[in-house]
Enquirer: 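Structure incoming, see below.
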Amino acid sequence: MLGSAMLLSVFVAFSQGLDYIARPTDTAPTLSVVESALDLDFWGGIFLFFASLALAGALFSVWPVAIIGHGVLAFNYLAISLGVFWSLIDNWQGYGWNTGVIYISFAIFHALVADGCYDEWAREWKHVPPSVGLVEDRGHSDL
């Protein structure tokens with residue numbers, strides 16, 4: 001089930017990238033301040049490239065590649081969601097915030113998948129990552 005969710009999330013990122021590339025430049029007023037700060041083809045390329053990395057890394061169990069792919073997708077979605085919220089603050093009309101919530105949800109999902117890929121990579125090392133928190137060992141901490 002999780003594999004299907006990961007595959008679907010990569011499909012959504014591919015779709016996002018293709019949409020940016022296919023979108024005519026004259027639709028720029030409908031974009032958030034973050035999206036309109038860069039060329040639409042640039043955004044599309046970022047989504048397509050890192051979605052490809054995420055997919056290839058997961059399919060071939062190359063976990064560092066999957067971590068980078070999902071991690072950058074998480075930051076992209078976070079940036080776009082912040083741009084949507086920023087645009088709403090600039091021009092509040094009482095609606096439109098749902099898009100930002102959807103994008104921040106994608107950001108959280110990709111961040112969790114990147115963390116899961118790291119955990120899988122660590123299991124292959126046969127070295128489970130330490131839990132979050134301070135671990136004292138002979139006067140040294142893991143943080």
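Keep in mind it's a predicted model, so treat the numbers as computed, not measured.
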Enquirer: When rounded to the nearest 0.5 angstrom, what is the spacing between CG in L73 and CG in L53?
Expert: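 With rounding to 0.5 Å, CG (L73) is 8.5 Å from CG (L53).
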Enquirer: How close do P24 and L40 get, heavy atom to heavy atom, and via which atoms?
Expert: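 Of all heavy-atom pairs spanning P24 and L40, the closest is O-CD1, 4.1 Å.
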Enquirer: Can you find a heavy atom in the side chain of W43 that is under 4.5 Å from one in the side chain of V34?
Expert: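 In short, these two side chains touch, coming nearer than 4.5 Å.
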Enquirer: Roughly how far, to the nearest 0.5 Å, is the CG atom of D119 from the CG atom of L112?
Expert: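 The distance works out to 10.5 Å.
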Enquirer: Under the salt bridge (Lys or Arg N to Asp or Glu O under 4.0 Å) definition, can you give me all pairs with a residue in residues 67-84, not counting sequence neighbours?
Expert: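 For residues 67-84: none.
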Enquirer: Under 3.5 Å, which donor-acceptor pairs link side chains of residues 6-21 to any protein atom two or more places apart or in another chain?
Expert:
| residue | atom | partner | partner atom | Å |
| --- | --- | --- | --- | --- |
| S9 | OG | M6 | O | 2.7 |
| Q16 | NE2 | Y20 | OH | 3.2 |
| Q16 | NE2 | Y103 | OH | 3.2 |
| D19 | OD2 | R23 | NH2 | 2.5 |
| Y20 | OH | E35 | OE2 | 2.3 |

Enquirer: Side chains of W97 and V84: closer than 4.5 Å at any heavy-atom pair?
Expert: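 No. Closest side-chain heavy atoms not under 4.5 Å.
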Enquirer: As an exercise, state the distance from CZ of F106 to CD1 of I80, rounded to the nearest 0.5 Å.
Expert: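 Reported to 0.5 Å precision, the distance equals 11.0 Å.
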Enquirer: A74 and A111: which non-hydrogen atoms are nearest, and at how many Å?
Expert: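 Shortest heavy-atom separation between A74 and A111 comes out as CB-N, 3.6 Å.
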Enquirer: Determine whether W92 and F85 fall in the same hydrophobic cluster, where Ile, Leu, Val, Met, Phe, Trp and Tyr are linked whenever their side-chain heavy atoms lie under 4.5 Å apart.
Expert: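 Same hydrophobic cluster.
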Enquirer: Is there a side-chain contact between L82 and W86 (heavy atoms, below 4.5 Å)?
Expert: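 No, their side chains stay 4.5 Å or more apart.
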Enquirer: In terms of the angle between their ring planes, are Y118 and W121 parallel, tilted or perpendicular, with boundaries placed at 30° and 60°?
Expert: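 Rings of Y118 and W121: perpendicular, over 60°.
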Enquirer: Working to the nearest 0.5 Å, report the span between OH of Y77 and CD1 of I104.
Expert: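 Rounded to the nearest 0.5 Å, the OH-CD1 separation comes to 13.5 Å.
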Enquirer: With clusters defined by side-chain heavy atoms of hydrophobic residues (ILVMFWY) lying less than 4.5 Å apart, directly or transitively, does L88 cluster with L31?
Expert: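 Yes, same cluster.
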Enquirer: When you measure from the side chain of S87 to the backbone N and O of V33, does any donor-acceptor pair fall under 3.5 Å?
Expert: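 Side chain of S87 to backbone of V33, a donor-acceptor pair under 3.5 Å: yes, one is there.
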Enquirer: Would you give me the side-chain donor-acceptor pairs under 3.5 Å for residues 62-72, sequence neighbours excluded?
Expert:
| residue | atom | partner | partner atom | Å |
| --- | --- | --- | --- | --- |
| W63 | NE1 | E124 | OE2 | 2.7 |
| H70 | ND1 | H110 | ND1 | 3.0 |

